[in-house]
Amino acid sequence: CWVCLVVWLLFLLSLMKFDDWTELSMFAAVLLSCYLFAEQLVVAVMAISRNPYNTSVFCIYIVSVMIVLGSGMLRYVIL
């Protein structure tokens, strides 16, 4: 849903104050890549399981684990 992505981007843009267009474009690229990754993950798991409920539970779990690991690695690299 591209409309949801644009609305979410505008909402986050209003909360965050970007200094220049480079920061905004980097933020938009990261947001788009996360969205496309989640979409591809759901399609790949759906091709294997063919059960929407199991697919949604599995994808939510995997994405949650990836967010936790990613935020931990980010903190480790920054500190």
Side-chain angles (χ1 to χ4, degrees):
C1 168
W2 289 98
V3 175
C4 297
L5 184 66
V6 170
V7 169
W8 186 245
L9 178 65
L10 292 176
F11 173 70
L12 289 176
L13 181 62
S14 67
L15 292 178
M16 300 176 180
K17 303 299 182 209
F18 294 109
D19 293 333
D20 56 357
W21 286 101
T22 307
E23 292 178 2
L24 176 63
S25 61
M26 185 67 81
F27 175 73
V30 168
L31 190 64
L32 181 64
S33 65
C34 291
Y35 171 77
L36 292 176
F37 170 73
E39 187 175 354
Q40 289 296 317
L41 178 69
V42 169
V43 169
V45 173
M46 192 66 133
I48 295 170
S49 77
R50 301 197 193 283
N51 186 349
Y53 179 74
N54 289 343
T55 300
S56 63
V57 169
F58 179 77
C59 289
I60 289 171
Y61 176 75
I62 292 297
V63 169
S64 299
V65 168
M66 288 182 180
I67 288 172
V68 168
L69 290 175
S71 66
M73 290 302 282
L74 183 64
R75 286 188 197 139
Y76 179 73
V77 170
I78 290 176
L79 297 176

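Residues: numbered from 1 along the sequence shown.
Residues V6 and L15 are members of one and the same hydrophobic cluster, defined by side-chain heavy-atom contacts under 4.5 angstrom among Ile, Leu, Val, Met, Phe, Trp and Tyr. Connection of L36 to V42 is not established within any shared hydrophobic cluster, with ILVMFWY side chains joined at heavy-atom distances below 4.5 Å, either directly or through further cluster members.
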Stepwise side chain to side chain contact (heavy atoms under 4.5 Å, CB included) test for V7 and F11:
CA-CA 6 Å; V7 169; F11 173 70; 5.5 Å; no
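With sequence neighbours excluded, the residues forming a side chain to side chain contact (heavy atoms under 4.5 Å, CB included) with V63 are L41, I67, listed by chain and number. Under the side-chain hydrogen bond (donor to acceptor under 3.5 Å, both in side chains) criterion, S49 pairs with T55, sequence neighbours left out.
Atom CE of residue M46 and atom OG of residue S56 lie 8.5 Å apart, to the nearest 0.5 angstrom.
In this structure, M66 places its CE atom where more than 12 heavy-atom neighbours from other residues, nucleotides or ligands lie under 6.0 Å away.
Annotation: ring-ring contact (aromatic ring centres under 6.0 Å, His included) contacts involving residues 36-70, sequence neighbours excluded, are absent.
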